[in-house]
Amino acid sequence: MSKSSPLVGKRIVLGGGGGIAAYKVVELMRRMVDAGAFVSPVLTRASLRFVGRTTFSALGSEPARISLWDGSDPIPHTRLGQLADAIVLAPATADLIARYAAGIADDLLTTTLLASKAPVVVVAAMHTEMWQHPSVVENVATLRRRGVVVIEPEAGRLAGGDIGVGRLAETDVIVQVVETLFEVSTKNLLANKSVLVTAGGTREPIDPVRYIGNRSSGKQGIAFARAAAELGARVNLISTVPVFDSAGINVVPVESAQEMFDVVSNLAVSCDLVVMAAAVADFRSANVSPVKIKKRHGAPEIRLEPTPDILAHLGATKRPGQVLVGFAAETGDLEIEARRKLKDKNADFIVANNVLEEDAGFAVDTNRVTLFYGESEVALGHSDKRDIAEKVLRYVAEYAKNTGAWQE
Ligand code: CTP
């Protein structure tokens, strides 16, 4: 494996479960270290019955750990979990899968899993009957729903001479899957793609000085535009708020929903991806006064009329190869609302958040979102808006590739 592997410089926690396939995992660890990764072996007690700790310590990038309590570091799990770029569980036994799926944290490996936001690859290996047991099937489905990558066991000769599905996947296959995790985070993920992003709350005029507005700061939309530009896309940002650092981004300022509709519907025709992060007002004044409304004339009657729904329009006119990302800022049931918007507006993704949370949503620099697409639902965890944007874009690119929407 050459030094150009995407594993170069990546920190990987190799979580070893207690199964006979542990002997093959030594080779997997060595391959990842050879490829340039920094591999921290974290073993379960049961794994030591198959391969000794010294072997993992000698071939890993640092000594193998087993317990929360056996080192000088008082909280090794948070350090390991936070620093990790990926966690690979191999062999993932039925017991390890069950503890991870249930959120049990009773040893160093399972506490590390809970203390991490890094992607996790589960490489399952066990006897055929165990792999097919309904509890294992359900636990694996739970992990997949949460965005965990599961590498299924292969068919072959198993311990004890049985033949069937259960063998740990080939080392080459596992290394490839782990490399793919990082390939999608590389710089050129959106190269040659044209991306349109909207940001900020629209302002719907009442008269020349007053408007109906909302609390959107535009931060999440701007973070999307920046992340897309850094991933190599040509980016148009249609924004109601000023954008100070617009390097590599074409900013088009707009104010009202109608102005945004006009610009977006025009530019979207040639875009591969549209990210509708703007908080578009649903209603506007139907009788905008051309002059300032005077207080002495009494409270004005403002009749409201609906604005055009930009995302729904894009959904109705979507061309093949175009991917649409909408948002749902909610105070009620996220899933019901997000799924309704996904369907009604013919979007490919809905990024949903609860605006009542203090450290997420309007005006703050962090967010906590759940991504809805197809039948999937992925909670992206609490993070800064730039990080959220990049994660969503990774899912979008992966989806576009897998569904054939984007050919290259
Ligand atoms: N949106 C839009 N045009 C509108 C209103 C909303 O393009 N006139 C887009 C938003 O940019 C967002 C998505 O639609 O990506 C969902 O917006 P939201 O305001 O949450 O949904 P609504 O359609 O207004 O539904 P509801 O009022 O029921 O929440």
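For the single chain, residues carry numbers from 1 onward in sequence order. Read the numbers this way: they start at 1 and go in the same order the structure lists the ligands and their atoms.
If you look at Arg284 next to ligand 1, there are no close heavy atoms at all, none under 4.0 Å.
Using a distance-only test at 3.5 Å, with no hydrogens or angles considered, no donor-acceptor pair links the side chain of Thr142 to the main chain of Ala101. With Ser383 contributing its side chain and Ile388 its backbone, the two residues share no donor-acceptor pair below 3.5 Å.
Comparing heavy-atom distances from atom 27 (O) of ligand 1 across Asp282, Val275, Val264 singles out Asp282 as nearest. Comparing Asp309, Thr198, Val274, Thr202 by heavy-atom distance to atom 2 (C) of ligand 1, the nearest is Asp309. Here atom 10 (C) of ligand 1 lies nearest to Ala278 when heavy atoms of Gly315, Ala352, Ala338, Ala278 are compared. Here atom 8 (N) of ligand 1 lies nearest to Pro308 when heavy atoms of Ala257, Pro308, Ala279 are compared. Residue nearest to atom 29 (O) of ligand 1, selected from Glu337, Lys341, Glu330: Lys341 (by heavy-atom distance).
Within the structure, the closest approach of Ala281 to ligand 1 falls below 4.0 Å when heavy atoms are considered. Residue contact annotation: Lys345 has a non-hydrogen atom under 4.0 Å from ligand 1.
In terms of polar-atom proximity, Met276 is counted as a contact of ligand 1, with an N or O under 3.5 Å from an N or O of the ligand. For ligand 1, one of its N or O atoms has an N or O atom of Ile310 under 3.5 Å away.
Around CZ of Arg319, the count of heavy atoms belonging to other residues, nucleotides or ligands within 6.0 Å exceeds 12. Atom CZ of Arg53 has more than 12 neighbouring heavy atoms from other residues, nucleotides or ligands inside a 6.0 Å radius.
Residue, atom and distance of the protein heavy atom nearest to atom 16 (C) of ligand 1 are Phe327 O, 2.8 Å. Summary of contacts: the protein heavy atom closest to atom 7 (O) of ligand 1 is Leu311 N, 2.8 Å.
Near Arg340, meaning under 4.0 Å from one of its heavy atoms, ligand 1 places the atoms 28 (O). For ligand 1, the atoms closer than 4.0 angstrom to any heavy atom of Gly326 are 15 (O). For ligand 1, the atoms closer than 4.0 angstrom to any heavy atom of Thr307 are 8 (N).
If you look at Phe349 and Phe327, their ring centroids are not closer than 6.0 Å.
Each of Lys318, Lys343, Lys341 was evaluated against Asp348; a single residue qualifies, Lys318, per the salt bridge (Lys or Arg N to Asp or Glu O under 4.0 Å) test. Partner of Arg99 under the side-chain contact (heavy atoms from CB on, under 4.5 Å) criterion, chosen from Leu109, Leu113, Asp106: Asp106. Among Asn353, Asp384, Asp387, the single residue meeting the side-chain hydrogen bond (donor to acceptor under 3.5 Å, both in side chains) criterion with Asn367 is Asn353.
Scanning all heavy atoms of the two residues, the minimum distance from Gly17 to Ser47 falls at O-CB, 3.3 Å.
Checked for salt-bridge contact, Glu335 and Arg339 meet the test: a charged N lies under 4.0 Å from a carboxylate O.
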